[in-house]
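This report refers to the structure that appears directly beneath it.
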Number of protein chains: 2
Amino acid sequence: MRVRGSVKIGGLQFGGGAPVRVESMLKSRLEDTESCLAELEGLMAAGCELVRVAFPSADLYESLRTLVSRTEIPIMADIHFSHTLALAAMSGGCGSIRINPGNMSGREGLMSVIDAAKSDGVVIRIGANGGSLSAKQIAAAGGDRAAALVMAVEEQLTPLMESDFDDIIISAKSTSVSDTLLANTILSSRYTYPIHIGITEAGPGLEGAVKSAAGLGILLAQGIGDTMRVSLTGDSRTEVEVAYMIQRALGLRKRWLNLISCPGCGRRRVDVVSLANMTKEIIAGLEAVGKKLPEGFDVAVMGCEVNGPREAAAADIGVAGTQGGYVLFKHGSVIATGETSNLKTMLESCLSEFTVKK
Amino acid sequence: MRVRGSVKIGGLQFGGGAPVRVESMLKSRLEDTESCLAELEGLMAAGCELVRVAFPSADLYESLRTLVSRTEIPIMADIHFSHTLALAAMSGGCGSIRINPGNMSGREGLMSVIDAAKSDGVVIRIGANGGSLSAKQIAAAGGDRAAALVMAVEEQLTPLMESDFDDIIISAKSTSVSDTLLANTILSSRYTYPIHIGITEAGPGLEGAVKSAAGLGILLAQGIGDTMRVSLTGDSRTEVEVAYMIQRALGLRKRWLNLISCPGCGRRRVDVVSLANMTKEIIAGLEAVGKKLPEGFDVAVMGCEVNGPREAAAADIGVAGTQGGYVLFKHGSVIATGETSNLKTMLESCLSEFTVKK
């Protein structure tokens, strides 16, 4: 197998041996900034690492810029039919864009997008969906839809490669699991660009999750896929949760920081996102002095002490808010309680005990 | 790949190129005959093709015999620690038993079971679960749990092979997807016996379904697995539904007869199981005169006309009960209505129109 290349979006590595990243796409409309931010917070708490956002109109430039400036999750703007939108997304701070190079207002438009992406360090995702293959593309592939997907990806890839642009993620998705498998197997053998995998329109609820798990599980078991999206009708957080379930089933990835937040619950005693950020900082601080938590170590950050320890019983260490303080628990059993003022010191000392030499 | 052998249970072929069969296991206790029969009816309506029933005590012989005589689904009695229970299950009419040859009351007990299975044409399923591996078995495999699973299966297989007993289904299951994959890959390359696949204790709800889909999807994509069980906490019908979702995702198998019954619904106008049986008889009758429905043709049998056509909109042809009669529908649109007295003639004529030459 060829060694896979990598790209970075917002400092996060995709491909090249990095964990298979977990993506979702905003279901809130970009004009509704508050809903978007709430959805982003929920996605981040669920462990989402890249969020695609449809950017259909230049009117929404300020909304996009606000999102990018107010969230820590890398954003990928999804753009069609306009190189000016692509340029706007990049100047608005998006670290990645998803475009079809064939509809960037002609060769000149595309070149301006590639130049801006080069100078801003922006990653371009390209790719084809089974649903948008043209009759001409299918005919050119002799009616073989998997081959047509590969051809469609290569049509998009060629102008980028000819411009010596390398920061690319490619994808070939279909509602057909077998077409998706075949197209990705071919693409993976021909190119080293990181591959985004997904089954489009997997359907509602259980059936969609099962279809994605079967299809993406087979790809991941073959080492294909550097970033994944589980497309589901319904809550975008569920997409992220199912993606982790698939990875966990295959032993690929446990959630590193197992955040269970409860945004709608009156018992919530603590700002879970702040607590999670503090926990991340502590872990980063430990890493800076050569200590790290063992592979697969689970840290849970919970909203309250009532359900926290039980719901996160699988976590190696968990922290939950209380009235004016916190509890620390280990595999569901409380091991310490304290006041907010000494939480950071206590958590740091507790996590430090579990670290191994880097 | 070696050609896989086949066995028959209750006339139904397992392995040897037959569709991957869908199994479940009764959650009702054997002593509660009515609950068992209701559960069996639900499982049959969902498309279940083999039901395993724990048979832990000779006291339950009459209950087991009643079930076998009152259901059309093949039954597999699950027996431990007693050759007399195995003999009782066979004399009670079970077409298959699941035993561990190592705990059939010694060599003589096992031989009596094998002899009875030979003369009654009973299929024996053997197999190992990750959870029941002994420390000795794991140590003998150098700590490799997948290798230990294979060794455990082979320990059980040897006495059957030495007795020239061939009607065997083998299985190696684990909560670990990777152990399950590796053990089954080895078993599949060494033996041609049909293989039962499953992930044990896959967990509750969505996570269990996703884990099973990922693990079993990979096996099925490699052509491994002749009969499958999705183990889930909760309703056994969901196990069957998820098994079909996995097969449908991989393009292996559409439900041939898409039975959607609604046992708890007051709108139910018709005995769905009788209607399904009538439909099966009609199709069998058409086949007897050289006609068959096209591959993947879906026939839905629904409890009532209120939800039936909409819920079974994906079916090529559906039939639903009404007050004193029926409706026939095609892709969700009603194409005919009539009275119960002429239902059989009408359905036969309707289905016949879709048949192709066998």
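We name chains A, B, ... by the order of the sequence lines, and we start the count at 1 in each one.
For a residue to count as touching a neighbouring chain, one of its non-hydrogen atoms must lie under 4.5 Å from one of that chain's; by this rule Ser176(B) does not touch chain A.
The minimum heavy-atom distance between Ala209(A) and Val210(B), with the atom names listed, is CB-CG2, 4.0 Å. Heavy atoms only, all atoms of each residue included: Glu207(A) and Met245(B) are closest at CA-SD, 3.5 Å. Taking each heavy atom of Leu250(B) and Ala214(A) in turn, the nearest pair found is CD2-CB, 4.2 Å.
Separation of atoms CD1 (Ile218(B)) and CG (Leu220(A)) is listed at 8.0 Å; rounding is to 0.5 Å. Taking OG1 of Thr238(A) as the reference point, atom CG of Leu206(B) lies at 7.5 Å (rounded to 0.5 Å).
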